[in-house]
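Below is one structure, written out as structure tokens, with a few remarks after it.
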Amino acid sequence: MKRTIESALSAWTAAKDRKPLVLRGARQVGKSHVLRTWGRACFGRVVELNLEREPALASCFTDNDPRATLRRIAAARGEVIPIDGSALLFIDEIQAAPAVFAKLRWFAEELPQLPVAAAGSLLDFALREPTFSVPVGRLHYLYLEPLGFDEFLRGLGEDVLADYLARDMSWDEIAARGGPQPPIDARATDLFHQYLLVGGMPAAVARYAETRSLAGVGELHRDLLATFRDDFGKYAGLAHRRRLLAVLDSVPQQLGQKFQWTRVARDERSQVLRQAADLLCAARLCHRVMTSPAVGVPVAAGADERHFKMLLLDVGLACSALGVSLAALERVADLTLANSGAIAEQVAGQLLRLTFAANEDPALFYWHREQTAAQAEVDFLIQHGPAVVPVEVKAGSGGALRSLHILMAARGWQRAVRLHGGPASVTRIEARTRVGDRAAYDLLSLPLYMTEQLPRLLAEE
């Protein structure tokens, strides 16, 4: 299954100042598989050390001499590791041996010709530990998310449709004729509905590509969620397992809404629940979408960490966690309407995270105004060059844009985006808010399945 991140991996390979690579991401998003398959294709051979399965190998990294380290590994494993670039040294589950992580700096300084990559199922969680020594400036980080819709299409053998959406649907094409045209839109919508149900976890996509059975996918989702819950024992020193479970179970219930601690557990203090949420976000099982005053770039400036929404790692897992019947959802005309439109916001946020560069840790924000009888909210704010672009998500093809008009009138911005269940279009908006302020801007409307194309289309305007 080809992953988009492979282009960033190839760029790392060709870099003149190549540093050891650390691939970060949640458990089960395919980090190890990507490094193995891409490493074999790129270098011809991968020497893999799994420090969780073979903890004794950590003793090979006892000093700061990478050549001596390689000789010890070769003696322990019975295989020589060439340093001429004909093999990738892949250290998996590196969080199991924090001292090894600190030794990566010496490979960068002493053996830059040897490609070294590391990953771990709970690496992001471990990186926040004060005992985890990080060689600042001597590592190259890449971030892996669940599969997006483009990767999902290619995983199902739908490369022609994926290429069409990624290449043929331009800003000018949309402005002139709308699009995609009805038969293409119908096919893309049907496949996108399948994506909502299957999600982007590689194991789920692989099983669906093989069997085309949603029942089997639902079972796999439940197994994945059980695996995540089993991992909570590894967090036990920092947060009680019961609190972690309560927060994780509440995230799907509160999708699309301001996250409230009282809805998690009324008998727990918000501080301890916040600590549990911090751990879940560190493990990348959940993602915060924080409020921003939306006054300019960077969008993160002035963000309020007290007020946020939460996304789950994956939309397919969200559906299963909500107990949604996959068979029943398969018969719904517009799946984005499920759970009062919260599924639409989950998948939009999940796909917007994929619009970040692979070496950038994705962070999403939204705008919210708290005023008596005049509340307003815009679902996401993204940065495109020097501009902030607000993104409104609408379940289905209708819905008013009152909050978007308020924000656009207040800031005087010239461009906004609507992600919805309708067709693509470019529309000039001339509107008045309830208090008479004028909003005038270009609105790019896109079907939700084209969310990943947003940066490209904005660049073409």
Side-chain angles (χ1 to χ4, degrees), residues 148-149 165 169-182 185 188-189 192-193 196 255-256 289 292 294 299 309 311 315 334-338 340-355 364-369 375-384 387-433 438-461:
F149 184 55
L165 296 177
M169 293 309 305
S170 65
W171 178 284
D172 290 340
E173 175 71 16
I174 293 171
R177 285 175 286 277
Q181 296 306 307
D185 175 70
T189 299
F192 188 66
H193 283 184
L196 292 178
L255 286 175
V289 184
S292 166
V299 180
K309 297 187 284 187
L311 300 174
V315 64
D334 191 345
L335 295 181
T336 62
L337 297 173
S340 301
I343 295 300
E345 193 161 332
Q346 162 71 37
V347 75
Q350 183 173 333
L351 296 178
L352 284 172
R353 287 177 61 84
L354 293 172
T355 64
L364 296 176
F365 301 87
Y366 75 107
W367 177 76
H368 182 74
R369 186 183 72 178
Q375 291 190 5
E377 179 177 304
V378 174
D379 298 309
F380 295 104
L381 302 167
I382 62 173
Q383 183 174 331
H384 183 74
V388 177
V389 180
V391 179
E392 187 78 325
V393 180
K394 293 296 182 183
S397 57
L401 299 170
R402 287 188 292 270
S403 293
L404 185 59
H405 296 337
I406 291 170
L407 178 58
M408 298 302 284
R411 301 293 183 263
W413 293 335
Q414 297 300 306
R415 190 169 49 180
V417 173
R418 170 173 58 185
L419 301 174
H420 66 157
S425 65
V426 177
T427 309
R428 183 64 184 174
I429 301 294
E430 301 280 349
R432 295 277 180 182
T433 67
R438 179 175 177 270
Y441 59 95
D442 292 326
L443 178 67
L444 171 63
S445 296
L446 292 176
L448 276 158
Y449 60 75
M450 287 189 66
T451 300
E452 293 166 272
Q453 307 305 323
L454 185 53
R456 174 180 64 82
L457 291 171
L458 292 175
E460 291 176 358
E461 183 193 8

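Hydrogens, waters and symmetry mates play no part in the numbers below; they use all other heavy atoms, side chains included.
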Which of these passes side chain to side chain donor-acceptor pair (under 3.5 Å) with Tyr441: His405, Glu430, Gln414? His405
Distance from Thr451 atom OG1 to Leu457 atom CG, nearest 0.5 Å? 10.5 Å
Least distance between heavy atoms, Ala400 atom then Lys394 atom: O-NZ, 2.8 Å
Not counting sequence neighbours, which residues clear side chain to side chain donor-acceptor pair (under 3.5 Å) with Arg177? List them please. Glu173
Nearest heavy-atom approach of Gly148 to Leu354 is CA-CD1, 3.2 Å
Could you report the tightest heavy-atom contact between Ala344 and Val347, atom names first, then the distance? O-CG1, 3.3 Å
Any side-chain heavy atom of Glu345 sitting closer than 4.5 Å to one from Leu255? no
What is the distance from atom CG of Leu404 to atom CD of Glu377, rounded to the nearest 0.5 Å? 12.5 Å
Return the OG to NE2 distance between Ser403 and His368, rounded to the nearest 0.5 Å. 9.0 Å
Qualifying residues under ring pair (Phe, Tyr, Trp, His ring centres under 6.0 Å), relative to Phe380, sequence neighbours excluded: none
Please name the pair of heavy atoms, one in Leu364 and one in Leu352, separated by the smallest distance, quoted to 0.1 Å. CD2-CB, 4.1 Å
Nearest heavy atoms of Leu407 and Ala294, plus distance in Å: CD1-CB, 4.3 Å
A side-chain contact here means heavy atoms from C-beta on lying under 4.5 Å apart; do Glu392 and His420 qualify? no
Return the set of residues passing side chain to side chain contact (heavy atoms under 4.5 Å, CB included) with Asp172 (not counting sequence neighbours), or none when no residue passes. Ser170
Which heavy atom of Pro180 sits nearest a heavy atom of Pro447, and at what distance? CD-CG, 4.4 Å
Is a side-chain N or O of Gln350 found less than 3.5 angstrom from the main chain of Val315, in a donor-acceptor match? yes
Note, Pro390 side chain near Trp413 side chain (heavy atom, < 4.5 Å): yes
Report yes if some heavy atom in the side chain of Tyr366 is under 4.5 Å from a heavy atom in the side chain of Val393; otherwise report no. no
Side-chain contact test, heavy atoms from C-beta onward, threshold under 4.5 Å: evaluate it for Asp379 versus Lys309 and give yes or no. yes
Test of understanding: with salt bridge (Lys or Arg N to Asp or Glu O under 4.0 Å), list the residues that count as partners of Arg456, not counting sequence neighbours. Glu460
Starting at CG of Leu401, measure out to CD1 of Ile429 and round the result to the nearest 0.5 Å. 6.5 Å
Under a 4.5 Å cut-off applied to non-hydrogen side-chain atoms, are Leu446 and Ile174 in contact? yes
Are side-chain heavy atoms of Gln453 and Met169 found at a separation under 4.5 Å? no
Donor-acceptor pair, Glu452 side chain versus Phe149 backbone, under 3.5 Å? yes
The criterion is side chain to side chain contact (heavy atoms under 4.5 Å, CB included); which residues satisfy it with Ser292, sequence neighbours excluded? Val299, Phe365, Leu381
Rounded distance [0.5 Å steps], CG in Asp185 versus OH in Tyr449: 3.5 Å
My understanding is that only residues two or more places apart in sequence, or in another chain, count here; which of them pass side chain to side chain contact (heavy atoms under 4.5 Å, CB included) with Leu458? Trp171, Ile382, His384, Val389, Arg415, Val417, Leu444, Leu454
